Amino acid sequence: MEERRLYSRELINARGRLYHSAFGTVDCFIKDVSDVGMYIRIENMPDNIPVDCDEWIQLELSCMDVIFNMECIRHNSHGVVLKFVKE
């Protein structure tokens with residue numbers, strides 16, 4: 001199968017936490033990351049993950065004291081694909 005991704009991904013397994021007013025706080029695992037975004041695996045997936053909205057999802061990494069603003073591109077029953085927001 002032909003690879004169609006524009007950016008290569010690095011497989012990782014890092015803990016994180018998502019924040020948003022629609023679903024509150026959710027613990028997650030970052031499974032892969034690229035220059036523009038990442039795939040987040042969520043054990044207890046909320047039903048109300050916002051896609052393409054004006055309020056960004058915030059991602060906090062457990063291994064670093066930093067928070068990223070992210071936009072949800074799509075989601076399924078296991079996780080979400082997030083894109084970095086350039087401010």
Side-chain angles (χ1 to χ4, degrees):
M1 179 160 69
E2 181 183 344
E3 179 61 56
R4 299 183 321 169
R5 294 182 180 131
L6 296 176
Y7 301 95
S8 64
R9 296 181 182 182
E10 296 294 326
L11 297 177
I12 63 171
N13 191 23
R15 289 184 179 271
R17 184 168 288 151
L18 296 178
Y19 301 96
H20 193 275
S21 62
F23 57 81
T25 302
V26 176
D27 290 327
C28 63
F29 288 94
I30 302 161
K31 301 309 282 180
D32 69 45
V33 65
S34 74
D35 290 346
V36 296
M38 59 185 68
Y39 176 71
I40 308 293
R41 178 107 169 136
I42 301 172
E43 294 296 323
N44 297 315
M45 187 70 170
D47 295 330
N48 52 349
I49 297 266
V51 178
D52 295 330
C53 71
D54 292 334
E55 183 184 353
W56 308 122
I57 293 174
Q58 291 189 314
L59 170 69
E60 177 183 29
L61 300 179
S62 296
C63 59
M64 298 169 56
D65 189 24
V66 81
I67 293 180
F68 297 101
N69 288 328
M70 310 289 290
E71 180 181 358
C72 182
I73 303 301
R74 64 182 170 278
H75 59 84
N76 58 30
S77 60
H78 303 292
V80 296
V81 176
L82 300 176
K83 177 176 82 170
F84 291 109
V85 173
K86 296 184 180 176
E87 297 180 30

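As the structure is a computational prediction, the values presented were derived from the model and not from experiment. These numbers come from the heavy atoms of this one structure, side chains and all, not from hydrogens, waters or symmetry mates.
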query = Could you go step by step and tell me if Met45 and Val80 meet the side chain to side chain contact (heavy atoms under 4.5 Å, CB included) rule?
reply = CA-CA 9 Å; Met45 187 70 170; Val80 296; 3.5 Å; yes
message = Evaluate Phe84 against Asp35 for side chain to side chain contact (heavy atoms under 4.5 Å, CB included), listing each step before the verdict.
response = CA-CA 9 Å; Phe84 291 109; Asp35 290 346; over 6 Å; no
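Between Asp27 and Ser62, the closest side-chain pair of non-hydrogen atoms is not below 4.5 Å. With a 4.5 Å cut-off on side-chain heavy atoms, His75 and Val51 count as touching.
Hydrophobic cluster membership differs between Val26 and Tyr39, with clusters built from Ile, Leu, Val, Met, Phe, Trp and Tyr side chains linked at under 4.5 angstrom. Both Val66 and Ile12 are part of a single hydrophobic cluster, where members link through side-chain heavy atoms under 4.5 Å apart. Residues Val81 and Tyr19 do not share a hydrophobic cluster, clusters being chains of Ile/Leu/Val/Met/Phe/Trp/Tyr side chains in contact below 4.5 Å. In the hydrophobic clustering of ILVMFWY residues, with side-chain heavy atoms under 4.5 Å counting as a link, Leu82 and Phe68 come out together. Criterion: ILVMFWY side-chain heavy atoms under 4.5 Å apart, direct or through other members. Under it, Ile67 and Ile30 are not part of a common hydrophobic cluster.
When each of Lys86, Glu55, Gln58 is paired with Asn69, the side-chain hydrogen bond (donor to acceptor under 3.5 Å, both in side chains) condition holds for Gln58 and for no other.
Heavy atoms from other residues, nucleotides or ligands lying under 6.0 Å from CG of Asn13 number more than 12. Residue Lys31 qualifies as enclosed at atom NZ: its count of foreign heavy atoms under 6.0 Å is above 12.
Rounded to the nearest 0.5 angstrom, Leu18 CG and Cys28 SG are separated by 4.0 Å. To the nearest 0.5 Å, atoms NZ (Lys83) and CD (Glu71) are separated by 4.5 Å. Taking CD from Glu43 and NE2 from His78, the interatomic distance works out to 10.0 Å, rounded to the nearest 0.5 Å.
The nearest pair of heavy atoms linking Pro46 to Ile42 is CD-CG2, 4.2 Å.
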